[in-house]
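One structure is given below, encoded as structure tokens.
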Number of protein chains: 2
Amino acid sequence: MSHPLDAAFSALADPTRRAILTMLLEDDMAVTDVAEPFDMSLAAISKHLGILSRAGLITQEQRGRVKWCKLEPDALRDASIWMQSFGQFEAVNLDAFERFLASELADDR
Amino acid sequence: MSHPLDAAFSALADPTRRAILTMLLEDDMAVTDVAEPFDMSLAAISKHLGILSRAGLITQEQRGRVKWCKLEPDALRDASIWMQSFGQFEAVNLDAFERFLASELADDR
DNA sequence: GGCAATCTCAACCGAATGGTTGAATATGCG
DNA sequence: CGCATATTCAACCATTCGGTTGAGATTGCC
């Protein structure tokens, strides 16, 4: 799996991992807390986090005995940019999207 | 693999399939012509095309003994919108993003 | 009809995936 | 120290994946 896009897309292909990313959108989380809502072992979640980490979609920082997981959207952005090249469905560039985001946030608060 | 995003992302995870999509960006192609530049059997490419087709990323139309492959960017668009929601900062209202998309497209053409 | 061309099917193979369990390794706390 | 908490490691298992090969099934052409 040499190309970084391979890792990013195949990490995104799993619904558990996408759910984890969505959770991390809210806030950074410890491994145990990430695992809590899922009906699977902690070891399985630990593996999923490893895959997300190796794909660059999250980073993990050890603090004490707790490992904090943090969303890292750069790899997502690369994948997104790749998809943009199929621009038949959207003439949107990321800069425009960021301006959109900024205005959304400005409106909200 | 119940969720449509599962199929889309895991189809995109393979470099051969991404290359095929890029080729189809140029023009519709017959299966044999798709297979030509790759160093693998026709049957393997046929399988890849089946996966892309089941993911909704392409459609295939039989005409005579030739099966034409056509890029179908709707599934790509769904996946792209999902990813955009992770934009660098905060959670984004998808409805708002769709309105944004619509207005962008309206402006362009 | 006969033959080449186009594409899929079926069976097989090795490697990767997604899960399990039980043990191991740190770390924090009373 | 002794114990609970947090996380990973290692071995295992069933299933899927990405490829192969050889044999079909259609279709077009002379």
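From a predicted model like this one, the values you see are computed outputs, not experimental measurements. Hydrogens, waters and symmetry mates are skipped; everything else that's a heavy atom, side chains included, is used.
- In this structure, CD of A:Glu61 is placed 13 Å from P of D:dT7, rounded to the nearest angstrom.
- Rounded to an integer number of Å, the gap from CG of A:Asp6 to P of C:dT17 is 11 Å.
- Atom-to-atom distance recorded for B:His3:NE2 and A:Arg18:CZ is 5.5 Å, nearest 0.5 angstrom.
- Placement of B:Trp68 and B:Leu24 in two distinct hydrophobic clusters is found when ILVMFWY residues are connected by side-chain heavy-atom separations under 4.5 Å, directly or transitively.
- Regarding B:Glu36, its CD atom lies at a distance of 12 Å from the P atom of C:dT6, rounded to whole Å.
- The CG atom of A:Asp14 sits 14 Å away from the C1' atom of D:dT15 (whole-angstrom rounding).
- Residues A:Val66 and A:Ile20 fall into different hydrophobic clusters, defined by Ile, Leu, Val, Met, Phe, Trp and Tyr side chains chained together at heavy-atom separations under 4.5 Å.
- Near-neighbour residues of DNA chain C inside residues 37-54 of chain B, defined by a heavy atom below 4.0 Å, number-ordered: B:Leu42, B:Ala43, B:Ser46, B:Lys47.
- You'll find the side chain of B:Leu49 stays beyond 4.5 Å of the side chain of B:Lys67, heavy atoms only.
- Nucleotide C:dG18 holds its P atom 12 Å from the CG atom of A:Leu12, rounded to whole Å.
- Whole-Å rounding puts the A:Lys67 NZ to C:dG28 C1' distance at 18 Å.
- Residues satisfying the side chain to side chain contact (heavy atoms under 4.5 Å, CB included) test with B:Ile51, not counting sequence neighbours, are B:Ala11, B:Arg17, B:Arg54.
- Following rounding to the nearest Å, A:Arg65 (CZ) and C:dT27 (C1') show an atom-to-atom distance of 6 Å.
- Between B:Trp68 and A:Arg63, the residue anchored nearer the 5' end of DNA chain C, judged by the nucleotide with its closest heavy atom, is B:Trp68.
- Annotation: A:Gln62, atom CD; neighbour count of heavy atoms from other residues, nucleotides and ligands within 6.0 Å is above 12.
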